[in-house]
There are 2 protein chains.
Amino acid sequence: MNAEKTPWKNWKHITKLDPDKYISPDVLEIIVESGTDAIMISGTQNITTKNTYQLISLLKSYKIPKILEPVTPEVVLSEDVDYIFVPLVLNASDVDWIIGKHKDWIMKQSITWEKVIPEAYIVMNPESAVAQVTKSKTDLATDEVIAYAQYAERYLGLPIIYIEYSGAYGDPNVVKRVTESLNKASLFYGGGIESQQDAVEMKRYADVIVVGNVVYTSIDKFIATIPR
Amino acid sequence: MNAEKTPWKNWKHITKLDPDKYISPDVLEIIVESGTDAIMISGTQNITTKNTYQLISLLKSYKIPKILEPVTPEVVLSEDVDYIFVPLVLNASDVDWIIGKHKDWIMKQSITWEKVIPEAYIVMNPESAVAQVTKSKTDLATDEVIAYAQYAERYLGLPIIYIEYSGAYGDPNVVKRVTESLNKASLFYGGGIESQQDAVEMKRYADVIVVGNVVYTSIDKFIATIPR
């Protein structure tokens with residue numbers, strides 16, 4: 001465990017694994033050795049301490065950076081992960097996903113703050129579980145997306161802006177416009193990357209691309225998303 | 001105009017002046033020369049570009065640091081002020097006062113970011129205009145107030161936590177507990193300071209005390225609140 005301050009500055013590709021989905025140890029080994037820069041343990045539905053801990057245990061013997069991205073305060077484990085990337089959802093209409101759950105987490109737990117990195121999400125796909133759970137306003141003009149990103153970067157001074165299309169491939173022009181509006185923050189993009197072409201296109205604008213679902217449908221397609 | 005990064009680290013006492021209230025040039029001179037460290041131009045109700053500009057104009061010839069604390073995106077003037085302290089209200093139940101108005105401001109204006117400092121408010125007095133306008137949840141256990149403060153300091157990394165009792169003298173024990181829970185952020189306290197005793201008590205725990213209303217009722221009482 002060796003927590004650098006801004007490790008993602010050297011990353012291009014993160015693999016998101018869902019504790020609620022089965023993955024075989026063999027496939028996990030292929031992922032870890034694929035060239036992906038880090039593993040993010042993250043899901044929206046049916047996330048429990050048990051399935052989160054199981055996935056972390058499977059990863060334990062690998063040296064690859066391991067990030068827990070908790071969805072609720074109940075499932076924050078800091079042992080055996082290098083980082084805890086804690087999201088806030090800039091375009092949530094429910095204040096719980098901006099401050100409320102975080103406050104409850106701070107009240108209930110002893111937090112390993114050295115591992116905590118804030119991530120400012122902009123949730124774009126109205127069909128996604130994350131948009132529905134957080135009641136995100138996804139009907140946004142590009143200028144509004146940019147304003148959210150600038151709020152996070154320049155007003156709050158947060159290090160990561162995460163454009164999340166979760167389950168759908170997003171609009172590269174939105175990602176391009178947001179990246180052009182940022183000075184210091186790193187831009188993460190996630191959603192619908194299932195081929196080399198998708199990955200190359202979004203990586204052109206995002207600092208880091210996050211690839212998730214395709215891992216569970218085709219490991220070959222997943223491998224094609226790794227930048228080379 | 002000489003904007004330092006964290007000027008408030010050398011401040012003890014800020015005077016808050018309300019653009020909606022009349023102040024004579026003579027009284028203004030007494031205030032500026034009283035030993036207060038900065039003037040904050042701030043109000044909640046009936047704030048217009050016109051009355052804000054008038055107050056800024058009256059202050060123009062003085063060298064004392066001038067801070068605009070805008071209440072709405074419509075009244076953000078950056079000329080002739082050294083800093084723009086932009087609040088977010090941690091315990092607002094209306095997301096507008098955390099992100100929404102800020103996003104609109106960013107969309108509509110060209111912002112002098114070098115002057116902008118974020119302030120994380122915790123609004124404590126349910127009777128106050130600010131509590132009502134922001135729909136703040138003021139019925140908070142001290143542990144909850146601390147959790148909000150830690151969210152702002154450790155999660156967001158904000159430089160100023162502002163405990164605002166606006167119009168009422170607060171609970172020194174709450175201020176004490178919050179200050180003990182912070183590492184780096186500066187703690188501002190505002191509300192009901194009308195005597196030397198009030199000022200000394202709150203200054204014991206807060207890094208900076210903010211004095212406002214008493215200016216309009218008794219300039220002698222105001223003078224007594226300046227730390228010496």
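Just so it is clear: chains get the letters A, B, ... in the order the sequence lines come, proteins before strands, and each one is counted from 1.
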Heavy-atom cut-off 4.5 Å, strictly under: side chain, backbone, both or neither for Leu158(A) against chain B? side chain
Can you tell which part of Val116(A) gets under 4.5 Å to a heavy atom of chain B, answering side chain, backbone, both or neither? side chain
Decide if atom OH of Tyr169(A) counts as having more than 12 heavy atoms of other residues, nucleotides or ligands within a radius under 6.0 Å. yes
Engaged part of Leu88(B) at the chain A interface, taking heavy atoms whose separation is under 4.5 Å: both
Ala92(A) versus chain B, heavy atoms under 4.5 Å apart: side chain, backbone, both or neither? backbone
Count the heavy atoms of every other residue, nucleotide or ligand shown that sit under 6.0 Å from NZ of Lys60(A), and state whether that count exceeds 12. no
Would you say Lys203(B) has more than 12 foreign heavy atoms packed within less than 6.0 Å of its NZ? yes
Take Tyr155(B) and Trp113(A) through the test side chain to side chain contact (heavy atoms under 4.5 Å, CB included) and record every step on the way to the result. CA-CA 8 Å; Tyr155(B) 175 70; Trp113(A) 284 106; 4.0 Å; yes
Identify which of Ile99(B), Ile106(B), Val95(B) forms the greatest number of heavy-atom pairs closer than 4.5 Å to chain A. Ile99(B)
CG-OG distance between Asp96(B) and Ser93(A), expressed to the nearest 0.5 angstrom: 11.0 Å
For atom NZ of Lys137(B), is the number of surrounding heavy atoms from other residues, nucleotides or ligands below 6.0 Å larger than 12? yes
When heavy-atom pairs shorter than 4.5 Å are enumerated against chain B, which of His102(A), Lys103(A), Gln150(A) gives the highest number? Lys103(A)
Over 12 foreign heavy atoms within 6.0 Å of CG, Asn183(B): yes
